[in-house]
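Working notes, beginning with the structure itself.
Below, each value reflects all heavy atoms present in this structure, side chains not excepted, and no hydrogens, waters or symmetry copies. The chains referred to below are lettered A, B, ... by the order of the sequence lines, with proteins before strands, and numbering in each begins at 1.
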Amino acid sequence: MAIYQALRFEFDLNKASFLALLQVLICTLFAVIVYRLAPVNRQDMSLLSIKSYALKDSFLSKIGDAIALLCAFVLVIPPFLAIFDPMFSPIFLQALQSKALWNAVFVSLQIAIPAAMVSLFLGVSFGVLARFCMARQYLHILPSKLEHLGNMILMVPGLVIATGLFLFLRDLGWGLGSSYWVVVWVNAVMALPFVLRALMPMMYQQERRFRNLYLSLGVRAGSRWRLEWPLLRPSIAQAFGYALLLSLGDMGVIALFGSQGLVSLPLYLFQLIGSYQLEEGACVAVVLILLCLALFFCSSFFIGGRKAIGALHARN
Amino acid sequence: MLEINLQYDWENFHAHYCVGISKGVTTLLGGSGEGKSTLLHLLGGFLDGRGELRFHEESLLSLPAYERPISTLFQSDNLFPQLTVFDNVAIGLSPSLALTADQKDKVLWALEKTQLADKADRFPQALSGGQAQRVAIARVLVRRKPILLLDEPFSALDPALREEMLYLVNDVTLELGLTTLLVSHLPQEASLVGGRVLLIEHGRVAAHESVSVLSQDVAHPLFSHYLGASNRSTNP
């Protein structure tokens, strides 16, 4: 918050960069302690589908489970439904007609789609490099380091990175015109840990099982991508979806760099609520959620190819 | 003649293989962790070794795996689950799966030969273990590489099926005039396919003999430790 103030209201760049450094220091210190203490996570993936065994439990415990589930249902579902409530008020139609809303939708897409693409590109590049280094002499220490590198953004808030990037670009003489690209880039990097989480297991698994076979048959580059695509596309769709949603919903970076022409949906929502237009704000929230749902669906439908995979299984 | 003089180091394991292997089947025997598979991986180009590797006076060591005159059958995962049986064989001819009419005929011929012609459109999931390894053998047939490496590919099959597969390997070796190296942990398998045996110990070639040493009344001194006392009584 202090960085935000220093940059937004006081425009004291020295103070901002000092505060950013301080935050990086604190976060790094904390992360180092956590990594020292945390045990190494060993994963083993099996392709065998999990068999389910009948559970032995009594009638009484079944009832207990049912009550617990019902309670969870009652507590969790209504807030979700309540979000959609403004859809039925007359203000909703009015809000839909406002030009500012559609501008914000457009700006959001303009940020989220390139950010997701950049994030996916970075994630795939990280994955390809990491899996190449896997189980090779001298290089085998790299994959975990690469993953840590990708997760670095979790240690340092996006706002801090954005500040650094902004100051850096300013030194290069790009000035305020670069703010759109700062927002896109930082959103992409912020989504990277989730993209990696979605991509890496499948990429590692392919490498572990088929590295020698690919090598012995000379299946490389394009041919290999074509072979792996049907197996990777659900993970890629998931990664792309995560990156999209994170960039759509992000409020940190855009709050700092948003300007008259660069108002995304969350920022617009924030501004409406800030000026006590709560009803309109609620409508905008509905639009934001619908947009998120629609984009995630598109991502898993077109990239993930649910149909294609279903067909593959049906043929077997 | 396949001439091997290879060194390889990984942490505490220091291997040095020095042997010449002639046409026909050679079975690699030895305990677990003695370096049988390491030798095969060095030959196949999946590990980088130092030294010399020559086949008919041509040096192979600087070649990447896919340019060596070698086909490999792995213990498992020889087939891509997303490809049909036909494509799994075809990928041995063209990584991009673009085949000429001639090559298509070749694939069909290999499937016929391995009794898989009716399974061409199936996916590997729908095959039994034996059928899956036969698809891999069909790929060996279309690739026509003069060296064949087998890394215990049949160890998961039941005895009768394993025997059948070994006969198939033997037939293919004779018919195509291959130099075949078979890693096995069962001396019986070596006796079945005949040819020669290599005993691998501590990353060294401890013995290179005709397979008949395994069936002698008094075990060969170099093999006696590996075979153990119990094994000899079953091999009178």
Select all residues of residues 30-69 of chain B having any heavy atom within less than 4.5 Å of some heavy atom of chain A, and report them by number, or 'none'. B:H41, B:G45, B:F46, B:A65, B:Y66
Do B:K113 and B:E175 make a side-chain contact, defined as non-hydrogen atoms from C-beta onward lying under 4.5 Å apart? yes
Within the 6.0 Å centroid threshold, strictly below: A:Y214 and B:F80: yes
Please examine the side chains of B:D77 and A:L213, heavy atoms only from C-beta on, and report whether any two atoms are closer than 4.5 Å. no
Are any of the side-chain heavy atoms of A:F126 and A:L199 separated by less than 4.5 Å? no
side-chain hydrogen bond (donor to acceptor under 3.5 Å, both in side chains) partner of B:S71, chosen from B:K145, B:R144, B:R143: B:R143
Taking everything shown except B:F13 itself, do over 12 heavy atoms lie less than 6.0 Å from its CZ? yes
Are A:V124 and A:V128 close enough that some pair of their side-chain heavy atoms sits under 4.5 Å apart? yes
Under 4.5 Å to a heavy atom of chain A? For B:L93 that would be neither
B:D151 versus chain A, the contacting section by heavy-atom distance below 4.5 Å: neither
